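Contents: one structure, followed by commentary.
Sequential numbering from 1 along the given sequence is applied to the chain's residues. On a predicted model such as this, the values are computed, not experimentally measured, just so you know.
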Amino acid sequence: MIPNKNNFCGGAFPDWLEVNLISQCNGRCAWCIEKDGYHPEAKAEWFVIAESALRHGSKNIILLGGEPTLYREIQLLINILSAAGRDVWITTNGSLLSSAFVKDQLTGIKGVNISIHHYDLTENQVITGLQIDRSKLYEAITALHKAGAVVRMNCNCIKNFVETVEGMELYLEFAKELGVDKVRF
């Protein structure tokens, strides 16, 4: 099967570099592709990661995990990459996001993808094992917008959770209330 040419996996976005910062995650998503993936024993320091990413030459750099917000030197990495003219993005489960975290750890970020898989955060906790406070999430999204970042929410359509058009519409309403810019199912 050939991926859709307009899909990221189809190579429609050649000027992107994916950087897996950390293998640890505080979630327990059953479908996680990183859970049983390759996890090298050797770890690179943040400045080595920055140098390597800059040598790659991609304009857009997306920081991934595990859960990249657990990476202690994330702000140092963002500083170097954005100062070099790169657009830095992050994909997170949202559990550590707060307005303070955005100000302290995500200054200079171009965009954030937040993977939340249900419009009811209690149901999302069943799916991911993560407790997310709606008001803290809203404040974090507001802080990201004030900093000029784009915010997108990702939702896997999961049987018995969000699997119908009605469920998707409820999720879209949830995302709209939080003030996100885009949603991807």
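- When side chains are defined from C-beta on, R134 counts as touching F174, because their heavy atoms get closer than 4.5 Å.
- Between the side chains of S58 and N60, no donor N or O sits under 3.5 Å from an acceptor N or O.
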Check step by step if side chain to side chain contact (heavy atoms under 4.5 Å, CB included) holds for L121 and I116.
-> CA-CA 8 Å; L121 292 175; I116 295 179; 3.9 Å; yes

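- Taking CD of E73 as the reference point, atom CD of Q75 lies at 11.5 Å (rounded to 0.5 Å).
- With sequence neighbours left out, the salt bridge (Lys or Arg N to Asp or Glu O under 4.0 Å) criterion links E173 to no other residue.
- Aromatic pair H117/W31: ring centres closer than 6.0 Å.
- Proximity of V19 to L17: side-chain heavy atoms (C-beta onward) are separated by under 4.5 Å at one or more points.
- Atom SG of C155 sits about 9.0 Å away from atom CG of L172, to the nearest 0.5 Å.
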L97 and I141: side chain to side chain contact (heavy atoms under 4.5 Å, CB included), yes or no, with the steps?
-> CA-CA 8 Å; L97 292 181; I141 291 168; 6.0 Å; no

L96 and N26: CA distance, side-chain angles, deciding distance, side chain to side chain contact (heavy atoms under 4.5 Å, CB included) verdict | CA-CA 10 Å; L96 298 178; N26 54 347; 4.3 Å; yes

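- Considering only heavy atoms from C-beta on, V180 stays 4.5 Å or farther from K176 through its side chain.
- You'll find the side chain of W46 stays beyond 4.5 Å of the side chain of L21, heavy atoms only.
- Of all the heavy atoms in H145 and G179, the pair that sits closest is CE1-O, 2.7 Å.
- Rounded to the nearest 0.5 angstrom, R86 CZ and L81 CG are separated by 8.0 Å.
- Put simply, CG on L63 and CG on N113 are 11.0 Å apart, with the number rounded to the nearest 0.5 Å.
- What you find for A149 and D181 is that their closest heavy atoms are O-OD2, 4.1 Å.
- Heavy-atom minimum distance, S82 versus G108: CB-O, 3.9 Å.
- Summarising the geometry, atom CG belonging to L76 is positioned 7.5 Å from atom CD1 belonging to I80; distances are rounded to the nearest 0.5 Å.
- Side-chain contact between I109 and W89 is absent, with no heavy-atom pair separated by less than 4.5 Å.
- Taking the side chain as every heavy atom from C-beta outward, R152 and N154 approach each other to under 4.5 Å.
- Put simply, M153 and V165 are part of two different groups of oily side chains (I, L, V, M, F, W, Y) that touch within less than 4.5 Å, one to the next.
- Counting only heavy atoms from C-beta outward, the side chains of Y138 and S135 never approach each other to under 4.5 Å.
- Looking at every heavy atom in both residues, A44 comes nearest to I49 through O-CD1, 3.7 Å.
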Could you go step by step and tell me if N156 and V162 meet the side chain to side chain contact (heavy atoms under 4.5 Å, CB included) rule?
-> CA-CA 8 Å; N156 285 349; V162 175; over 6 Å; no

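- Side-chain atoms of S95 and Q131 form no donor-acceptor pair, as typed in the model, at a separation below 3.5 Å.
- Remark: the E67 side chain and the N93 side chain contain an N/O donor-acceptor pair separated by less than 3.5 Å.
- Q105 is not listed as a side-chain neighbour of T69, based on a closest heavy-atom distance of 4.5 Å or more.
- Expressed to the nearest 0.5 Å, how far CG of N20 lies from OG1 of T91 amounts to 10.0 Å.
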